[in-house]
A.B. asks: 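The structure is given below, and queries will be raised subsequently.
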Amino acid sequence: MKFAVMSDSHDHIWNLRRAVAQAQALGAEVIIHCGDLVSPFMLEELDPFPGRIHLVLGNNAGDLVLLTRYCLARRDKVQLHGWFAVMDFGGISIACVHDHHLARSLARSGDFRLVCFGHTHHWHVERLGSALLVNPGEILGRKESPGWALVDSEILEVTHVLLDRG
């Protein structure tokens with residue numbers, strides 16, 4: 001199974017739109033967003049994606065009431081986990097949180113094979129014990145080129161996918 005890990009969109013509609021199209025074209029079946037999607041209207045950019053979408057909150061959560069309402073209206077495909085998510089894809093235990101310090105602790109716990117996080121806006125992949133710690137970088141494109149991570153759960157391989165600029 002392939003899934004797309006994204007973070008720190010910060011209302012950049014056009015970059016998120018391109019990232020979703022790339023994820024679909026590359027065969028991702030699930031999107032995990034590691035926080036700072038920000039405005040509820042950004043969920044409309046996720047609508048074209050045919051698979052499930054999992055979101056956690058970040059330090060720029062936007063309007064939480066409206067974001068929750070928008071997610072509930074899409075509950076057949078979107079799950080807002082709150083501040084922390086625990087998931088399983090293809091037998092791989094996954095934790096997702098926005099904060100990088102908490103992510104590092106979760107990776108060291110030995111409870112997860114993959115821990116995804118955001119917040120720093122920088123691509124990062126590191127092995128900590130039996131866990132792979134992944135920051136997909138930023139969709140925003142402020143601190144580095146906008147991109148995201150494509151994860152193949154069968155071989156636990158992570159690929160950095162930069163956004164097309166077209």
A.B. asks: Nearest 0.5 Å, please: how far is NE2 in His10 from OG in Ser39?
C.D. replies: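 Rounded to the nearest 0.5 Å, the OG-NE2 separation comes out at 11.0 Å.
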A.B. asks: Could you measure the distance from the NE2 atom of His12 to the CG atom of Leu163? Nearest 0.5 Å is fine.
C.D. replies: 9.0 Å
A.B. asks: To the nearest 0.5 angstrom, please state how far the NE2 atom of His33 sits from the OG atom of Ser9.
C.D. replies: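 His33 atom NE2 to Ser9 atom OG measures 2.5 Å (nearest 0.5 Å).
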A.B. asks: Measuring from atom CG of Asn60 to atom CG of Leu140, what distance do you get when rounded to the nearest 0.5 angstrom?
C.D. replies: 10.5 Å
A.B. asks: Who are the salt bridge (charged side-chain N to carboxylate O under 4.0 Å, His left out) partners of Glu45, not counting sequence neighbours?
C.D. replies: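 If we apply the salt bridge (charged side-chain N to carboxylate O under 4.0 Å, His left out) test to Glu45, skipping adjacent residues, the hits are Arg17.
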A.B. asks: State yes or no: are the ring centers of His81 and His54 separated by less than 6.0 Å?
C.D. replies: yes
A.B. asks: Atom CZ in Phe84, atom CG in Leu57: separation rounded to 0.5 Å?
C.D. replies: 13.5 Å
A.B. asks: For the pair Arg52 and Glu29, find out whether any cationic side-chain nitrogen is under 4.0 Å from an anionic carboxylate oxygen.
C.D. replies: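 So Arg52 does not pair with Glu29 through a salt bridge.
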A.B. asks: Pairs of donor and acceptor atoms involving the side chains of residues 92-100, under 3.5 Å and at least two apart or interchain, shall be tabulated with distances.
C.D. replies:
residue	atom	partner	partner atom	Å
Ser93	OG	Asp111	O	3.4
Ser93	OG	Arg113	N	3.1
His98	ND1	Cys34	O	2.7
His98	NE2	Asp36	OD2	3.2
His98	NE2	Asn59	OD1	3.0
His98	NE2	His119	ND1	3.4
Asp99	OD2	His101	N	3.0
Asp99	OD2	Leu102	N	2.7

A.B. asks: Are more than 12 heavy atoms from other residues, nucleotides or ligands located less than 6.0 Å from atom CD of Glu126?
C.D. replies: yes
A.B. asks: Calculate, to the nearest 0.5 Å, the distance between atoms CD and CG belonging to Gln22 and Leu150 respectively.
C.D. replies: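 Gln22 CD to Leu150 CG: 10.0 Å, rounded to 0.5 Å.
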A.B. asks: Any chance you could pull the hydrophobic cluster mates of Val56, using side-chain heavy atoms under 4.5 angstrom and chaining through other members?
C.D. replies: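 When side chains under 4.5 Å apart are linked, Val56 ends up in no cluster with other residues.
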